[in-house]
Chemist: 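One structure follows; several queries about it will come next.
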Amino acid sequence: MYLTHQPIDLASLIAQVSRAEHGAIATFTGAVRDSHAGREVTALSYSSYESMAEHECADVVREAEAKWPVRVALMHRLGDLTIGDVAVAVTVASAHRDEAFVACRWVIDQVKARVPIWKRETYADGTVGWVDPTVPGGIVMARPDAEASRG
Amino acid sequence: MYLTHQPIDLASLIAQVSRAEHGAIATFTGAVRDSHAGREVTALSYSSYESMAEHECADVVREAEAKWPVRVALMHRLGDLTIGDVAVAVTVASAHRDEAFVACRWVIDQVKARVPIWKRETYADGTVGWVDPTVPGGIVMARPDAEASRG
Amino acid sequence: MTITVQALLFARYAELVGADRLALSLPDGSRAGDAVSHLRAGHTGGGLPPTVLLAVNGRQSSPDRLLDDGDELAILPPLAGG
Amino acid sequence: MTITVQALLFARYAELVGADRLALSLPDGSRAGDAVSHLRAGHTGGGLPPTVLLAVNGRQSSPDRLLDDGDELAILPPLAGG
């Protein structure tokens with residue numbers, strides 16, 4: 001299971017990969033920021049195509065463990081988050097730090113590129129946007145009527 | 001204070017650098033491995049020229065925070081450690097993951113290159129070695145008489 | 001002969017279409033891209049962009065992928081995880 | 001005129017020399033490298049390698065660094081932190 005609706009416990013992810021033969025652990029955590037593209041963010045919600053996302057996360061972890069002599073733990077949170085909450089955590093243990101850093105960076109990049117997860121931001125002015133890295137500005141505003149019907 | 005004789009608390013290091021404007025935190029922890037250069041390690045002790053080491057750690061942190069838009073926390077443990085104990089932890093918070101990864105890697109490399117800390121390993125056969133990255137094999141065996149006098 | 005495909009919509013596309021799941025009846029031999037064109041030609045799917053990311057039965061697929069009766073076709077907005 | 005310098009020894013070098021602190025009396029105008037040569041020429045410092053890492057008053061220094069009376073000269077084994 002790589003997706004959770006609960007807060008992510010970094011210590012338990014680290015414990016999951018640590019072995020006596022591992023001297024190096026590289027970790028990445030992505031947290032909810034208070035601003036995006038110049039807008040003040042007040043709330044954030046992640047949704048996912050969960051069955052596909054679980055498959056993709058498992059593939060990413062397996063591929064990383066095949067490419068480097070590492071053990072990888074990965075967790076992505078879904079649902080409603082507040083500023084400062086950890087949205088994603090990657091932990092990579094290895095005998096040496098080179099592979100730990102390289103694999104950790106590769107895993108988070110792959111997660112962002114391959115795992116079907118979407119981010120819906122609420123701004124201080126009450127408007128709502130969908131994060132979309134493919135458009136200039138990185139946000140597509142939600143339709144007010146859709147927003148009203150959602151609430 | 002960058003040196004401690006107590007166990008390193010990763011969560012408190014992360015809390016030290018986290019800010020609402022930081023989306024990315026990269027962390028490195030180095031732990032005591034159960035083997036080194038083919039020898040089974042059973043115990044390990046770190047010593048330091050502490051006043052100089054504190055200065056060097058402070059310089060490394062300040063230089064990293066000048067080179068990149070990041071906040072850095074750093075802690076190195078001294079004294080007697082057992083297998084799996086965290087010996088060093090680096091935590092770097094930034095708005096984006098590129099700088100977090102690059103700065104985290106830079107800090108741990110600088111710590112290893114500049115901070116006066118030494119590692120004394122005890123092996124399963126009762127012998128003792130000083131870790132020395134400048135010699136082939138990476139270990140200079142301690143003199144048995146010195147060892148006896150130490151105990 | 002026709003096949004029935006379950007179209008899944010997510011995030012902004014679910015908002016655009018006003019549904020997160022639609023049953024589509026398509027001619028036998030339809031491909032994933034044909035299903036999206038069919039949806040886009042209708043009232044509800046008019047707002048979908050010209051190119052979308054597709055997955056069939058939970059695995060990313062090209063628009064050329066032949067559809068079978070009962071397939072689950074996911075239409076994915078640009079990914080924004082992490 | 002002579003100066004007195006506190007030599008600090010660490011880890012393997014403290015083991016080699018059998019002490020972690022020695023007071024050295026040196027001629028005025030001595031440099032950090034001279035202090036190490038002086039120590040190496042004596043009984044206790046004979047095991048020190050030909051090149052060592054040096055710090056004067058807590059900051060890394062070259063062997064050319066002029067010493068003042070009361071300076072603290074640290075003789076550092078190869079670093080092994082992290």
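Per chain, numbering begins at 1; letters A, B, ... match sequence-line order.
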Chemist: Which region of Ala95(A), side chain (C-beta onward) or backbone (N, CA, C, O), has a non-hydrogen atom less than 4.5 Å from a non-hydrogen atom of chain B, or is it both or neither?
Modeler: both
Chemist: Anything in residues 3-15 of chain B with a heavy-atom distance to chain A below 4.5 Å? Please list those residues in order.
Modeler: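 Contacts with chain A: Leu10(B), Ile14(B).
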Chemist: Measure His36(A) against the heavy atoms of chain B and call it side chain, backbone, both or neither at under 4.5 Å.
Modeler: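 For His36(A), neither part sits under 4.5 Å from chain B.
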Chemist: Contact part of Ile83(B) toward chain A, heavy-atom cut-off under 4.5 Å: side chain, backbone, both or neither?
Modeler: side chain
Chemist: Any idea which heavy atoms bring Arg105(B) and Asp98(A) closest together, and the distance?
Modeler: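 Residues Arg105(B) and Asp98(A), closest heavy atoms: NH2-OD1, 2.6 Å.
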Chemist: Let me know if Thr29(B) has heavy atoms under 4.5 Å from chain A in its side chain, its backbone, both or neither.
Modeler: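 Interface part for Thr29(B): both.
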Chemist: Can you tell which of Ile25(A), Val86(A), Ile108(A) has the highest number of heavy-atom pairs within less than 4.5 Å of chain B?
Modeler: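 Top option by heavy-atom pairs under 4.5 Å: Ile25(A).
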Chemist: What are the two closest non-hydrogen atoms of Ala31(B) and His22(A), and how far apart are they?
Modeler: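 Closest pair (atom of Ala31(B), atom of His22(A), distance): CB-O, 4.1 Å.
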Chemist: So which bits of residues 62-71 of chain A come within less than 4.5 Å of chain B, counting non-hydrogen atoms only?
Modeler: none
Chemist: Would you say CD of Glu40(A) has more than 12 non-hydrogen atoms from neighbouring residues, nucleotides or ligands within 6.0 angstrom?
Modeler: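 Count not over threshold, so no.
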Chemist: What part of Arg97(B) lies closer than 4.5 angstrom to a heavy atom of chain A: side chain, backbone, both or neither?
Modeler: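 Contact with chain A: backbone and side chain both.
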